[in-house]
Amino acid sequence: MATDTRFDGPGPDAQYLQALQEGRLMLQHCEDCAAVRFPPALVCRACGSPRLQWRASPGLGSVYSLTTVRDRAGDYNVALVDLEGGARMMSRVEDIAPEAVRIGQRVRARIVAGEEPFVVFAPAEGDAP
């Protein structure tokens, strides 16, 4: 028996951006296999289920991997952050020198407002070097 996967309404990317515009970091959770889905999608990457629900994320996580980019505009970092709950996001860690960010460092998400808001990270309280 085929599952009806037709979709009506704003897409998952639009829903994610709308939540960010409202100051909320929302992640998709699969109702069938409990996987956390990021980036947003129409179906679960783990099991293929279309039964994805949005849940608020506290935005706490740990730096999984990082690199420092050096260019004429200045140094900055690009980090993969494992969020509590299972999602992994790529962004930068701010409020700290790029070379001071370390793997395993606890960070907290912060939403940068604008027409297309985005997420950056900063050291979690008590975790700055």
Side-chain angles (χ1 to χ4, degrees):
M1 176 188 232
T3 302
D4 184 1
T5 58
R6 288 178 292 179
F7 182 78
D8 186 28
D13 288 337
Q15 293 175 53
Y16 173 73
L17 286 174
Q18 179 63 40
L20 289 181
Q21 287 173 339
E22 295 168 359
R24 299 176 299 135
L25 176 57
M26 302 293 285
L27 301 174
Q28 290 177 312
H29 292 255
C30 180
E31 290 184 347
D32 291 327
C33 74
V36 178
R37 178 79 179 107
F38 188 85
L42 291 174
V43 297
C44 176
R45 129 179 109 221
C47 73
S49 171
R51 295 173 12 107
L52 297 170
Q53 295 296 315
W54 292 98
R55 293 187 193 158
S57 170
L60 287 170
S62 300
V63 174
Y64 173 79
S65 178
L66 71 128
T67 189
T68 299
V69 178
R70 302 184 192 289
D71 68 16
R72 294 178 191 188
D75 297 351
Y76 62 94
N77 62 61
V78 177
L80 287 176
V81 174
D82 282 340
L83 291 174
E84 292 176 357
R88 181 174 286 165
M89 296 181 81
M90 181 171 51
S91 190
R92 63 182 183 257
V93 179
E94 297 185 333
D95 303 334
I96 186 172
E99 61 277 358
V101 180
R102 63 188 190 284
I103 292 174
Q105 183 173 9
R106 299 286 296 156
V107 293
R108 178 179 296 279
R110 179 169 44 99
I111 298 168
V112 177
E115 188 174 319
E116 286 201 28
F118 57 96
V119 175
V120 296
F121 293 89
E125 218 165 288
D127 201 54

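All values reported here derive from a predicted model rather than from experimental measurement. All heavy atoms count here, side chains included; hydrogens, waters and symmetry mates do not.
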Chemist: So if you build clusters from Ile, Leu, Val, Met, Phe, Trp, Tyr with side-chain heavy-atom gaps below 4.5 Å, do Tyr64 and Tyr76 land together?
Modeler: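 Tyr64 clusters together with Tyr76.
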Chemist: Is there a side-chain contact between Arg106 and Leu60 in this structure, where contact means two heavy atoms from C-beta onward sitting under 4.5 Å apart?
Modeler: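 Yes; the side chains approach each other to less than 4.5 Å.
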Chemist: Find the distance between CZ (Phe118) and CZ (Arg92) and round it off to the nearest 0.5 Å.
Modeler: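 The CZ atom of Phe118 sits 5.0 Å away from the CZ atom of Arg92.
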Chemist: Cluster question for you: counting only ILVMFWY and a side-chain heavy-atom cut-off of under 4.5 Å, with indirect links fine, are Met90 and Val119 together?
Modeler: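 Met90 and Val119: separate clusters.
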Chemist: Show the nearest heavy-atom pair for residues Cys47 and Asp32, with the distance to one decimal.
Modeler: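 Smallest interatomic distance, heavy atoms only, reads SG-CB, 4.3 Å.
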Chemist: Would you say the side-chain atoms of Gln28 pair up with the backbone N or O of Ala41, donor to acceptor, closer than 3.5 Å?
Modeler: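 Yes; judged by distance alone, with no hydrogens or angles, the pair exists.
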Chemist: Taking all heavy atoms of Val43 and all of Gly48, pick out the closest pair and write down the distance.
Modeler: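 Shortest heavy-atom separation between Val43 and Gly48 comes out as CB-O, 3.7 Å.
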Chemist: Is there a path of hydrophobic side-chain contacts, each under 4.5 Å between heavy atoms of I/L/V/M/F/W/Y residues, joining Val36 to Leu52?
Modeler: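 No; tracing contacts between hydrophobic side chains, which count when under 4.5 Å, never links both residues.
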Chemist: For the residue pair Leu20 and Leu25, establish whether any side-chain heavy-atom pair is separated by less than 4.5 Å.
Modeler: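 Yes; the side chains approach each other to less than 4.5 Å.
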Chemist: With side chains defined as the heavy atoms from C-beta onward, is the minimum distance between Pro40 and Gln15 less than 4.5 Å?
Modeler: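 Not touching, per the 4.5 Å side-chain cut-off.
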Chemist: To the nearest 0.5 Å, tell me how far Arg88 CZ sits from Ser62 OG.
Modeler: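 So the gap between those two atoms works out to 11.0 Å.
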Chemist: Of the non-hydrogen atoms in Glu31 and Gln53, which two are nearest, and what is the gap between them?
Modeler: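 Shortest heavy-atom separation between Glu31 and Gln53 comes out as OE2-CG, 2.7 Å.
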Chemist: Taking the side chain as every heavy atom from C-beta outward, state whether Pro123 and Gln105 have any atom pair closer than 4.5 Å.
Modeler: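 Touching, per the 4.5 Å side-chain cut-off.
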Chemist: Is there side-chain contact between Val93 and Leu66, with at least one heavy-atom pair below 4.5 Å?
Modeler: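 The answer is no, as the side chains (C-beta and beyond) never meet within the 4.5 Å cut-off.
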Chemist: Does CD in Glu116 sit with more than 12 non-hydrogen atoms of other residues, nucleotides or ligands closer than 6.0 Å?
Modeler: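 Not more than 12 within 6.0 Å, no.
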Chemist: Is Pro39 close to Arg37 at the side-chain level, that is, under 4.5 Å between some pair of heavy atoms?
Modeler: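 Yes, their side chains come closer than 4.5 Å.
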Chemist: Do Phe121 and Ile103 belong together in a cluster built from hydrophobic side chains that touch within less than 4.5 Å?
Modeler: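 They do share one cluster, since a chain of ILVMFWY contacts under 4.5 Å joins Phe121 to Ile103.
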Chemist: Which pair of heavy atoms, one from Val120 and one from Ser91, lies closest together, and at what distance?
Modeler: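 Smallest interatomic distance, heavy atoms only, reads CA-OG, 3.4 Å.
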Chemist: Would Val107 end up clustered with Ile96 when hydrophobic side chains under 4.5 Å apart are linked, directly or stepwise?
Modeler: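 Per the 4.5 Å side-chain linkage, Val107 and Ile96 are co-clustered.
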Chemist: Measure across Pro117 and Leu17 and return the closest heavy-atom pair with its distance rounded to 0.1 Å.
Modeler: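 Heavy atoms only, the tightest pair is O-CD2, 3.7 Å.
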Chemist: Considering non-hydrogen atoms only, spot the tightest contact between Trp54 and Met26 and give its length.
Modeler: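 Where Trp54 meets Met26 most closely, the heavy atoms are CZ3-O, 3.5 Å.
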